[in-house]
Amino acid sequence: MDSLTLVCTASLLAGGLYWFIYILGSAEQKGKHAVNLSGGSIHRDALEDNYKQYWSFFRRPKEIETADKVPAFVDTFYNLVTDIYEWGWGQSFHFSPSIPGKSHRDATRIHEEMAVDLLNVKPGDKILDAGCGVGGPMRAIAAHSGAKVVGITINEYQVNRARMHNLKAGLGSLCEVVCGNFLEMPFEDNSFDGAYSIEATCHAPKLEEVYSEIYRVLKPGALYVSYEWVTTEHFKADDPEHVEVIHGIERGDALPGLRNYTDIAQIAKKVGFEVVKEKDLAKPPAKPWWTRLKMGRFAYWRNHILVTVLSWLGIAPKGTVDVHEMLFVTADYLTRGGETGIFTPMHMILCRKPEN
(Lines give C-alpha, C1' and ligand atoms only; values in the text may rest on other atoms or scores of the structure.)
Protein backbone atom coordinates (compact mmCIF):
# COMPACT_ATOMS: atom_id res chain seq x y z
CA MET A 1 0.00 0.00 0.00
CA ASP A 2 1.55 3.33 -1.05
CA SER A 3 1.88 6.20 1.39
CA LEU A 4 -0.94 8.27 -0.15
CA THR A 5 -3.40 5.39 0.18
CA LEU A 6 -2.26 4.82 3.75
CA VAL A 7 -2.75 8.48 4.67
CA CYS A 8 -6.19 8.56 3.03
CA THR A 9 -7.25 5.36 4.81
CA ALA A 10 -6.03 6.65 8.18
CA SER A 11 -7.83 9.96 7.62
CA LEU A 12 -11.09 8.21 6.79
CA LEU A 13 -10.83 6.02 9.87
CA ALA A 14 -10.06 9.00 12.11
CA GLY A 15 -12.89 11.05 10.60
CA GLY A 16 -15.28 8.12 10.90
CA LEU A 17 -14.39 7.61 14.56
CA TYR A 18 -14.89 11.30 15.31
CA TRP A 19 -18.28 11.26 13.57
CA PHE A 20 -19.26 8.04 15.39
CA ILE A 21 -18.41 9.43 18.82
CA TYR A 22 -19.20 13.12 18.65
CA ILE A 23 -21.87 13.54 15.98
CA LEU A 24 -23.86 10.33 15.56
CA GLY A 25 -23.92 9.85 19.32
CA SER A 26 -25.33 13.37 19.78
CA ALA A 27 -23.61 13.56 23.15
CA GLU A 28 -22.61 17.15 22.45
CA GLN A 29 -26.25 18.21 22.38
CA LYS A 30 -26.94 16.41 25.65
CA GLY A 31 -23.95 17.64 27.58
CA LYS A 32 -21.97 14.42 27.86
CA HIS A 33 -19.29 13.02 25.52
CA ALA A 34 -18.83 9.27 25.21
CA VAL A 35 -15.15 9.61 26.07
CA ASN A 36 -16.15 11.16 29.42
CA LEU A 37 -18.38 8.31 30.63
CA SER A 38 -17.74 7.55 34.28
CA GLY A 39 -19.20 5.82 37.31
CA GLY A 40 -20.44 9.03 38.88
CA SER A 41 -18.97 9.37 42.38
CA ILE A 42 -17.55 5.83 42.18
CA HIS A 43 -13.83 5.63 41.44
CA ARG A 44 -13.26 4.16 37.98
CA ASP A 45 -11.38 1.18 39.45
CA ALA A 46 -14.36 0.30 41.66
CA LEU A 47 -17.13 0.56 39.04
CA GLU A 48 -17.26 -3.15 38.23
CA ASP A 49 -17.36 -4.11 41.92
CA ASN A 50 -20.19 -1.64 42.53
CA TYR A 51 -22.12 -3.09 39.59
CA LYS A 52 -21.83 -6.53 41.22
CA GLN A 53 -22.87 -5.01 44.55
CA TYR A 54 -25.98 -3.54 42.89
CA TRP A 55 -27.04 -6.98 41.64
CA SER A 56 -26.33 -8.49 45.05
CA PHE A 57 -29.33 -6.55 46.40
CA PHE A 58 -31.58 -8.74 44.23
CA ARG A 59 -29.97 -11.91 45.56
CA ARG A 60 -31.00 -10.66 49.01
CA PRO A 61 -34.44 -9.13 48.25
CA LYS A 62 -35.30 -8.58 51.91
CA GLU A 63 -32.49 -6.00 52.07
CA ILE A 64 -34.18 -3.98 49.32
CA GLU A 65 -37.35 -3.88 51.39
CA THR A 66 -35.45 -2.53 54.41
CA ALA A 67 -35.80 1.25 54.39
CA ASP A 68 -32.28 1.97 55.62
CA LYS A 69 -30.77 -0.08 52.77
CA VAL A 70 -32.68 1.60 49.95
CA PRO A 71 -30.85 4.98 49.86
CA ALA A 72 -27.48 3.27 49.32
CA PHE A 73 -29.08 0.95 46.75
CA VAL A 74 -30.52 3.88 44.77
CA ASP A 75 -27.35 5.96 45.14
CA THR A 76 -25.27 3.09 43.71
CA PHE A 77 -27.67 2.73 40.81
CA TYR A 78 -27.47 6.40 39.84
CA ASN A 79 -23.70 6.43 40.13
CA LEU A 80 -23.70 3.57 37.65
CA VAL A 81 -26.22 4.94 35.14
CA THR A 82 -26.25 8.76 35.27
CA ASP A 83 -23.59 9.33 32.62
CA ILE A 84 -25.06 6.71 30.28
CA TYR A 85 -28.57 8.14 30.74
CA GLU A 86 -27.38 11.65 30.05
CA TRP A 87 -25.26 10.62 27.07
CA GLY A 88 -27.79 8.29 25.44
CA TRP A 89 -31.14 9.80 26.51
CA GLY A 90 -30.78 13.40 27.65
CA GLN A 91 -30.96 15.45 30.84
CA SER A 92 -34.55 14.47 31.69
CA PHE A 93 -34.56 10.93 33.05
CA HIS A 94 -38.20 10.14 32.35
CA PHE A 95 -40.68 9.18 29.64
CA SER A 96 -43.37 11.21 27.88
CA PRO A 97 -46.13 10.40 25.40
CA SER A 98 -45.10 10.74 21.75
CA ILE A 99 -46.59 13.81 20.07
CA PRO A 100 -47.03 13.72 16.28
CA GLY A 101 -44.91 16.38 14.61
CA LYS A 102 -42.88 17.02 17.78
CA SER A 103 -39.36 15.87 18.58
CA HIS A 104 -38.67 13.71 21.63
CA ARG A 105 -37.08 16.74 23.27
CA ASP A 106 -40.18 18.89 22.69
CA ALA A 107 -42.51 16.13 23.88
CA THR A 108 -40.44 15.81 27.04
CA ARG A 109 -40.53 19.56 27.69
CA ILE A 110 -44.33 19.72 27.17
CA HIS A 111 -44.79 16.82 29.61
CA GLU A 112 -42.74 18.69 32.21
CA GLU A 113 -44.49 22.02 31.67
CA MET A 114 -47.87 20.34 32.13
CA ALA A 115 -46.81 19.26 35.62
CA VAL A 116 -46.06 22.79 36.79
CA ASP A 117 -49.16 24.21 35.06
CA LEU A 118 -51.23 21.94 37.32
CA LEU A 119 -49.69 23.56 40.40
CA ASN A 120 -51.03 27.06 39.62
CA VAL A 121 -47.80 28.69 40.76
CA LYS A 122 -46.67 32.17 39.77
CA PRO A 123 -43.26 33.79 39.21
CA GLY A 124 -41.39 34.10 42.47
CA ASP A 125 -43.07 31.13 44.16
CA LYS A 126 -40.82 28.41 45.56
CA ILE A 127 -41.54 24.85 44.48
CA LEU A 128 -39.96 21.50 45.27
CA ASP A 129 -38.63 18.93 42.79
CA ALA A 130 -38.54 15.69 44.79
CA GLY A 131 -36.00 13.48 43.04
CA CYS A 132 -34.54 15.96 40.55
CA GLY A 133 -31.78 13.91 38.89
CA VAL A 134 -29.47 16.13 36.84
CA GLY A 135 -32.21 18.78 36.65
CA GLY A 136 -33.67 18.51 33.16
CA PRO A 137 -37.29 18.96 34.34
CA MET A 138 -36.22 21.61 36.86
CA ARG A 139 -34.75 23.85 34.17
CA ALA A 140 -37.73 23.45 31.83
CA ILE A 141 -40.17 24.18 34.68
CA ALA A 142 -38.25 27.19 36.01
CA ALA A 143 -37.95 28.71 32.53
CA HIS A 144 -41.66 28.09 31.81
CA SER A 145 -43.13 29.25 35.13
CA GLY A 146 -40.67 31.78 36.52
CA ALA A 147 -40.90 29.99 39.87
CA LYS A 148 -37.82 29.16 41.92
CA VAL A 149 -37.27 25.40 41.91
CA VAL A 150 -35.42 23.62 44.71
CA GLY A 151 -34.48 20.08 43.76
CA ILE A 152 -33.32 17.24 45.97
CA THR A 153 -31.46 14.10 44.89
CA ILE A 154 -29.67 11.49 46.95
CA ASN A 155 -26.80 11.26 44.48
CA GLU A 156 -23.94 13.73 44.94
CA TYR A 157 -22.70 13.28 41.39
CA GLN A 158 -26.12 14.30 40.05
CA VAL A 159 -26.05 17.38 42.29
CA ASN A 160 -22.80 18.52 40.69
CA ARG A 161 -24.05 17.78 37.17
CA ALA A 162 -27.32 19.64 37.83
CA ARG A 163 -25.56 22.71 39.21
CA MET A 164 -23.26 22.82 36.20
CA HIS A 165 -26.21 22.56 33.78
CA ASN A 166 -28.18 25.21 35.69
CA LEU A 167 -25.35 27.72 35.37
CA LYS A 168 -24.78 26.83 31.72
CA ALA A 169 -28.50 27.43 31.01
CA GLY A 170 -28.42 30.80 32.80
CA LEU A 171 -30.88 29.54 35.42
CA GLY A 172 -28.64 29.53 38.48
CA SER A 173 -30.83 32.11 40.22
CA LEU A 174 -34.01 30.07 39.73
CA CYS A 175 -32.68 26.55 40.26
CA GLU A 176 -31.15 25.24 43.48
CA VAL A 177 -30.05 21.65 44.07
CA VAL A 178 -29.62 19.92 47.43
CA CYS A 179 -28.03 16.54 48.12
CA GLY A 180 -30.29 14.61 50.45
CA ASN A 181 -32.83 11.85 51.01
CA PHE A 182 -36.40 12.79 50.09
CA LEU A 183 -37.55 10.57 52.96
CA GLU A 184 -35.87 12.99 55.40
CA MET A 185 -35.67 16.36 53.69
CA PRO A 186 -33.64 19.23 55.19
CA PHE A 187 -36.44 21.78 54.70
CA GLU A 188 -38.67 23.60 57.15
CA ASP A 189 -42.36 22.82 57.58
CA ASN A 190 -44.81 24.75 55.38
CA SER A 191 -42.04 26.28 53.25
CA PHE A 192 -42.99 25.46 49.61
CA ASP A 193 -45.73 26.92 47.40
CA GLY A 194 -45.96 23.72 45.38
CA ALA A 195 -44.18 20.44 44.69
CA TYR A 196 -43.79 17.85 41.97
CA SER A 197 -42.03 14.55 41.38
CA ILE A 198 -41.57 13.09 37.91
CA GLU A 199 -41.05 9.32 37.94
CA ALA A 200 -38.96 9.56 41.11
CA THR A 201 -40.98 8.38 44.11
CA CYS A 202 -41.00 4.83 42.70
CA HIS A 203 -37.59 4.52 44.43
CA ALA A 204 -39.14 4.97 47.88
CA PRO A 205 -39.55 1.69 49.80
CA LYS A 206 -42.82 3.04 51.25
CA LEU A 207 -44.68 5.69 49.30
CA GLU A 208 -46.34 7.09 52.43
CA GLU A 209 -42.91 8.08 53.78
CA VAL A 210 -42.04 10.36 50.86
CA TYR A 211 -45.63 11.65 50.55
CA SER A 212 -45.58 12.51 54.28
CA GLU A 213 -42.37 14.50 53.85
CA ILE A 214 -43.74 16.39 50.85
CA TYR A 215 -46.96 17.07 52.80
CA ARG A 216 -44.89 18.42 55.70
CA VAL A 217 -42.89 20.94 53.65
CA LEU A 218 -45.85 22.25 51.63
CA LYS A 219 -47.73 25.35 52.71
CA PRO A 220 -51.42 24.84 53.54
CA GLY A 221 -53.48 24.99 50.35
CA ALA A 222 -50.47 24.18 48.11
CA LEU A 223 -50.65 21.54 45.37
CA TYR A 224 -48.46 18.51 44.68
CA VAL A 225 -48.36 16.54 41.42
CA SER A 226 -46.58 13.26 40.83
CA TYR A 227 -46.04 11.00 37.81
CA GLU A 228 -45.91 7.50 39.30
CA TRP A 229 -44.57 4.17 37.99
CA VAL A 230 -47.30 1.58 38.64
CA THR A 231 -48.82 -1.64 37.42
CA THR A 232 -52.22 -1.12 35.77
CA GLU A 233 -55.55 -2.89 35.86
CA HIS A 234 -54.27 -5.21 33.10
CA PHE A 235 -51.52 -6.69 35.27
CA LYS A 236 -52.20 -10.24 36.46
CA ALA A 237 -50.07 -11.45 39.34
CA ASP A 238 -50.69 -15.08 38.33
CA ASP A 239 -49.40 -14.55 34.77
CA PRO A 240 -45.71 -15.62 34.61
CA GLU A 241 -44.97 -13.33 31.67
CA HIS A 242 -46.47 -10.32 33.46
CA VAL A 243 -44.44 -11.10 36.56
CA GLU A 244 -41.24 -11.50 34.53
CA VAL A 245 -41.73 -8.09 32.87
CA ILE A 246 -42.41 -6.29 36.14
CA HIS A 247 -39.48 -7.94 37.90
CA GLY A 248 -37.27 -7.02 34.94
CA ILE A 249 -38.30 -3.37 35.26
CA GLU A 250 -37.66 -3.44 39.01
CA ARG A 251 -34.21 -5.00 38.67
CA GLY A 252 -33.07 -2.65 35.93
CA ASP A 253 -34.35 0.56 37.53
CA ALA A 254 -33.46 0.19 41.22
CA LEU A 255 -37.04 -0.24 42.41
CA PRO A 256 -37.78 -1.84 45.78
CA GLY A 257 -41.12 -2.94 44.32
CA LEU A 258 -43.66 -1.47 41.90
CA ARG A 259 -46.99 -0.42 43.37
CA ASN A 260 -50.40 -0.94 41.81
CA TYR A 261 -52.29 2.10 40.49
CA THR A 262 -55.02 1.58 43.10
CA ASP A 263 -52.52 2.22 45.91
CA ILE A 264 -51.56 5.77 44.98
CA ALA A 265 -54.66 7.78 45.92
CA GLN A 266 -55.20 5.70 49.06
CA ILE A 267 -51.68 6.49 50.28
CA ALA A 268 -52.04 10.20 49.42
CA LYS A 269 -55.25 10.39 51.46
CA LYS A 270 -53.68 8.42 54.30
CA VAL A 271 -50.99 11.08 54.85
CA GLY A 272 -53.57 13.90 54.75
CA PHE A 273 -53.75 15.03 51.12
CA GLU A 274 -56.96 15.83 49.30
CA VAL A 275 -56.90 14.11 45.89
CA VAL A 276 -57.85 16.66 43.23
CA LYS A 277 -57.28 14.57 40.12
CA GLU A 278 -55.91 11.18 39.10
CA LYS A 279 -55.26 9.99 35.55
CA ASP A 280 -53.01 7.61 33.61
CA LEU A 281 -51.41 9.96 31.07
CA ALA A 282 -50.31 6.99 28.97
CA LYS A 283 -53.86 5.99 28.00
CA PRO A 284 -55.32 6.90 24.58
CA PRO A 285 -55.56 9.36 22.97
CA ALA A 286 -51.95 9.68 24.20
CA LYS A 287 -49.46 8.15 21.80
CA PRO A 288 -47.15 5.36 23.04
CA TRP A 289 -44.42 6.51 25.41
CA TRP A 290 -42.30 3.44 24.59
CA THR A 291 -41.88 4.35 20.90
CA ARG A 292 -38.60 6.07 21.67
CA LEU A 293 -37.24 2.89 23.24
CA LYS A 294 -38.08 0.83 20.16
CA MET A 295 -36.65 3.42 17.79
CA GLY A 296 -33.47 3.50 19.85
CA ARG A 297 -32.37 -0.06 19.13
CA PHE A 298 -29.95 0.96 16.37
CA ALA A 299 -28.61 3.67 18.66
CA TYR A 300 -28.12 1.06 21.38
CA TRP A 301 -25.96 -1.18 19.20
CA ARG A 302 -24.01 1.81 17.94
CA ASN A 303 -23.45 3.00 21.49
CA HIS A 304 -22.68 -0.50 22.77
CA ILE A 305 -19.91 -0.95 20.21
CA LEU A 306 -18.54 2.43 21.18
CA VAL A 307 -18.67 1.71 24.94
CA THR A 308 -16.98 -1.66 24.33
CA VAL A 309 -14.17 -0.04 22.35
CA LEU A 310 -13.70 2.72 24.94
CA SER A 311 -13.60 0.16 27.75
CA TRP A 312 -11.08 -1.97 25.83
CA LEU A 313 -8.90 1.10 25.34
CA GLY A 314 -9.14 1.90 29.05
CA ILE A 315 -10.94 5.22 28.44
CA ALA A 316 -14.28 4.12 29.89
CA PRO A 317 -14.13 2.40 33.32
CA LYS A 318 -14.24 -1.38 33.47
CA GLY A 319 -17.86 -2.39 34.04
CA THR A 320 -19.37 0.31 31.80
CA VAL A 321 -20.25 -2.33 29.19
CA ASP A 322 -22.14 -4.38 31.79
CA VAL A 323 -24.14 -1.34 32.92
CA HIS A 324 -24.99 -0.39 29.33
CA GLU A 325 -26.15 -3.93 28.58
CA MET A 326 -28.28 -3.95 31.74
CA LEU A 327 -30.05 -0.79 30.57
CA PHE A 328 -30.73 -2.28 27.13
CA VAL A 329 -32.30 -5.39 28.67
CA THR A 330 -34.38 -3.16 30.93
CA ALA A 331 -35.53 -1.12 27.92
CA ASP A 332 -36.94 -4.32 26.44
CA TYR A 333 -38.90 -5.04 29.63
CA LEU A 334 -40.20 -1.47 29.69
CA THR A 335 -41.31 -1.78 26.06
CA ARG A 336 -43.11 -5.04 26.78
CA GLY A 337 -44.75 -3.44 29.81
CA GLY A 338 -46.02 -0.58 27.65
CA GLU A 339 -47.17 -2.73 24.75
CA THR A 340 -49.11 -5.14 26.97
CA GLY A 341 -50.56 -2.26 28.97
CA ILE A 342 -49.57 -3.80 32.32
CA PHE A 343 -47.24 -0.92 33.27
CA THR A 344 -47.31 2.86 33.06
CA PRO A 345 -44.61 5.36 34.10
CA MET A 346 -47.01 8.30 34.13
CA HIS A 347 -49.91 7.65 36.47
CA MET A 348 -50.59 11.26 37.42
CA ILE A 349 -51.98 12.25 40.79
CA LEU A 350 -52.69 15.86 41.79
CA CYS A 351 -53.10 16.51 45.50
CA ARG A 352 -53.74 19.49 47.77
CA LYS A 353 -52.64 20.06 51.33
CA PRO A 354 -55.77 21.26 53.16
CA GLU A 355 -55.91 24.90 54.21
CA ASN A 356 -56.47 23.94 57.85
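Basis for what follows: all heavy atoms, side chains included, without hydrogens, waters or symmetry-related copies.
- In terms of the side chain to side chain contact (heavy atoms under 4.5 Å, CB included) criterion, residue partners of Cys175 (sequence neighbours excluded) are, by chain and number, Met138, Arg139, Ala142, Asn166, Leu171.
- Residue Glu325 places its CD atom among 12 or fewer non-hydrogen atoms of other residues, nucleotides or ligands, all under 6.0 Å distant.
- Using a 4.5 Å heavy-atom threshold, the side chains of Ile249 and Trp229 count as touching.
- For the residue pair His144 / Glu112, no side-chain donor-acceptor distance below 3.5 Å is found, with atom types taken as modelled.
- In this structure, Tyr261 has its ring center at least 6.0 angstrom away from the ring center of Phe235.
- Residues forming a side chain to side chain contact (heavy atoms under 4.5 Å, CB included) with Pro186 (at least two apart in sequence, or on another chain): Ile152, Val178.
- With sequence neighbours left out, Ser98 forms a side chain to side chain contact (heavy atoms under 4.5 Å, CB included) with Lys287, Thr291.
- Here the CG-SG distance, from Asn155 to Cys179, works out to 7.0 Å after rounding to the nearest 0.5 Å.
- Checked by atom type, the side-chain pair Thr108/Ser92 shows no donor-acceptor distance below 3.5 Å.
- Applying the ring-ring contact (aromatic ring centres under 6.0 Å, His included) rule to Tyr196 yields no partners; only residues at least two apart in sequence or on another chain are considered.
- Using a distance-only test at 3.5 Å, with no hydrogens or angles considered, a donor-acceptor pair links the side chain of Ser103 to the main chain of Asp106.
- Taking 4.0 Å as the cut-off between side-chain N and carboxylate O, Lys219 and Asp193 count as a salt-bridged pair.
- Between the side chains of Thr153 and Tyr78, no donor-acceptor pair of N or O atoms lies under 3.5 Å.
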Can you give each donor-acceptor pair under 3.5 Å made by side-chain atoms of residues 273-282, sequence neighbours left out, with the distance rounded to 0.1 Å?
| residue | atom | partner | partner atom | Å |
| --- | --- | --- | --- | --- |
| Glu278 | OE2 | His347 | NE2 | 2.8 |
| Asp280 | OD1 | Ala282 | N | 3.0 |
| Asp280 | OD1 | Thr344 | OG1 | 2.8 |

Take Phe182 and His203 through the test ring-ring contact (aromatic ring centres under 6.0 Å, His included) and record every step on the way to the result.
CA-CA 10 Å; Phe182 60 19; His203 293 299; 7.9 Å; no
Test salt bridge (Lys or Arg N to Asp or Glu O under 4.0 Å) on Glu228 and Arg259; report intermediate values, then the result.
CA-CA 9 Å; Glu228 295 286 348; Arg259 286 167 273 272; 5.1 Å; no
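- Between Tyr224 and Tyr211, the ring planes lie perpendicular to each other; the angle is over 60°, past the 30° to 60° tilted range.
- For the pair Glu176 and Lys148, the salt-bridge criterion is met [side-chain N within less than 4.0 Å of a carboxylate O].
- Proximity of the aromatic rings of Phe95 and Trp89 is defined here by a centroid distance below 6.0 angstrom, and this criterion is met.
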What side-chain donor-acceptor pairs closer than 3.5 Å can you find for residues 348-355, not counting sequence neighbours?
| residue | atom | partner | partner atom | Å |
| --- | --- | --- | --- | --- |
| Lys353 | NZ | Asn190 | OD1 | 2.8 |
| Lys353 | NZ | Tyr215 | O | 2.9 |
| Lys353 | NZ | Leu218 | O | 2.7 |

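- With values rounded to the nearest 0.5 angstrom, Thr82 atom OG1 is found 7.5 Å from Tyr157 atom OH.
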